[in-house]
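Reminder, nothing fancy here: chain letters follow the sequence lines and each chain counts from 1.
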Amino acid sequence: MKTFKYTIKDEVGIHARPAGMLAKEAKKYESKIVIKKGERSAEVTRLMAVMGMGVKHGEEVTVEIEGADEETACKEIQAFFEQNM
Amino acid sequence: MIKFSGKSVYKGIAVGPAAVLKNHDFQVKREKIEDAEAEIQRVEEAVEKAQEQLVMLYDKAVKEVGEASAAIFEVHQMMLEDEDYRDSVCNMIRTEQVNAEYAVAVTGDNFSEMFAGMDDDYMKARAADIKDISNRLVRCLCGEENMDFGSMEPSVIIAEDLSPSETVQMDKEKILAFVTVHGSTNSHTAILARMMNIPALIGVPMNLEEIHNGQTVIVDGLKSEVIFDPEEEKRREAEAKIQEEKEKLELLQTLKGKENVTLSGRKIHIYANIGSVSDVAYVMENDAGGIGLFRSEFLYLGKEDFPTEEEQFQAYKQVAQMMAGKKVIIRTLDIGADKQADYFHLGNEENPALGYRAIRICLKQTDIFKVQLRALMRAAAYGNISIMYPMITSTEEVRRIFEIVKEVQKELDEIQVPYKVPEQGIMIETPAAVMISDELAELVDFFSIGTNDLTQYTLAIDRQNEKLDDFYNPHHKAILKMIRMVTENAHKCGKWAGICGELGADLELTEEFLKMGLDELSVSPSMVLKVRKAVRESRV
């Protein structure tokens, strides 16, 4: 399993559009990708669940990636966060 | 054949299929079903159809309002794809043996409640999006044609009433006429109809439940009547009249490129009023000398959040460049009263017309105002832009505005972007502004008289109240006296004065306005050539 931590830079937090793009992006990989904040977590392919976590600007999330292609998935998803979140 | 009478707000004729705009939510009934899998199949098909509609809406919005504002339709597509949402619908159908419509409606309510309960304004607002996609799905399930103007053939829009945000979303190419149950001659439906040069009837006592999409309708603005399912003869008559009107219009076209000058040589500027970037096409088509009123509200209405500086800058710049050196007078945000956007959180007011609106919002929430000013001043570097401030009642307000403009100027200097402090004028639309127009003229570069609000405030008559249409006399002596006074006071200080309200297009008054010495009349694009004709026939 691979993990990384990320602090949200987007002023509005994780809002609909990036969350939707993330869901799309995540479907490219076999690995299961989960986003966590405190006690809450959601699979990133589940748009409304991710939005429902209400992650705000400046908050830190942990992303866990587990599966056959976790190496590439982790690298790509991390890059995606840097660019869009 | 069924005939109704109404009040005509634009004298023209149209024939076409009806498109009924129903505002109310669908009444979804819970029904017991036998075959859950068949019901789920229906959901799949409806989702597909809804996705198609959303793709079309997105493309249309990109073209008309830009990618940033179109993104909402992309988000809707993503939401429809959401697994939890879909799972919840399918589960409910399987476990409770209910119809798809019911499962979608309940799921929509559940999810939207979840968002409505979050302690984040942005997420709270998403509740409306979930309601929206659920409604869309239910409509697709019912086989009800959605009012997606993208897929609609040119139609006569039939509605209870139209809100500004609804009219903003409409594809103007697809509208042959408006027929509404409510609305007054000064409502947004009326203003839009005049702008687009299409017939409109308001106050028509029809029952929307009895009208269906596709039914043939004749809208006759000359006789102020609407006929559903007309007899063949009536239809032919109407078509002949449409042809006649068309020929008259062609005759007007010969006035293109001609000067706005009276027989004795007096000149006046005739500009156009517009409400969105795409309206510039109407301005050019009708050969207006400039834009006398560019309502900036389109950037704010029908949105989920404040437009960014960049978004505004691009829109203003685009119009300034398209107008290539001709005057473009942009009015700052005039929201409040009958024009509402949820994210402003303006709240309910006892007297919205006398309430927190327009410049009052800008002076209280200067952060909103400054974003617009920055965008305007930056765009002014690319063309002949003037800024106009609405709802002024005192010299203090104008002084305060100028202080804010100075602050913005300083900010722009610091980041070193190209900008210009353009010509700045004010709307004269309160009796107070008229009474102190001598003092105001010393401060500002020009006056533009907003006759709609000025008449409403002077005669103490609510524009939106259809019961008062009989009392609303736009030719009231008090109004004409005020216009004369404002013009004289402007001229004493070497400033110019114009009219940008509906009265400016009143051909019965063109002669009077010329006599008063007004410098400019700003009218709906469709009226530019008609006013030019009146000017050229006058001896003043």
Gap between atom CD of Glu81(B) and atom OG1 of Thr45(A) - 0.5 Å precision
12.0 Å

Atom CD of Glu44(B): over 12 foreign heavy atoms under 6.0 Å:
yes

At their closest point, which heavy atom of Asp82(B) faces which heavy atom of Leu47(A), and how far apart are they?
OD1-N, 2.8 Å

For the NZ atom on Lys32(A), are there more than 12 heavy atoms of other groups (residues, nucleotides or ligands in this structure) within a distance under 6.0 Å?
no

Heavy-atom distances under 4.5 Å only: say whether Met79(B) touches chain A with side chain, backbone, both or neither.
both

Comparing Gly13(A), Ala23(A), Gly52(A), Gly54(A) against chain B, the one with the most heavy-atom pairs below 4.5 Å turns out to be Gly52(A)

Does the side chain of Met118(B) come within less than 4.5 Å of Met51(A)'s, by heavy atoms?
no

May I ask you to check whether over 12 heavy atoms, not counting those of Lys75(A), lie within 6.0 Å of atom NZ?
no

So with a 6.0 Å cut-off around CD of Glu37(B), is the heavy-atom count from everything else above 12?
yes

If I take atom NZ from residue Lys24(A) and atom CE from residue Met78(B), how far apart are they, to the nearest 0.5 angstrom?
4.5 Å

Does NZ belonging to Lys37(A) count more than 12 external heavy atoms closer than 6.0 Å?
yes

Answer key: most heavy-atom pairs under 4.5 Å with chain A among Asp305(B), Asp84(B), Val75(B), Asp129(B) is Asp84(B)

Counting only heavy atoms from other residues, nucleotides and ligands, does the tally under 6.0 Å from NZ of Lys56(A) exceed 12?
yes

Less than 4.5 Å apart, any side-chain heavy atom of Asp87(B) and any of Arg46(A)?
yes

Atom group of Glu74(B) that falls short of 4.5 Å from chain A, counting heavy atoms
side chain

Quick check on Lys9(A): does its NZ atom have over 12 non-hydrogen neighbours (other residues, nucleotides or ligands) under 6.0 Å away?
yes

Which atoms form the tightest heavy-atom contact between Met48(A) and Phe115(B), and what is the distance?
O-CZ, 3.8 Å

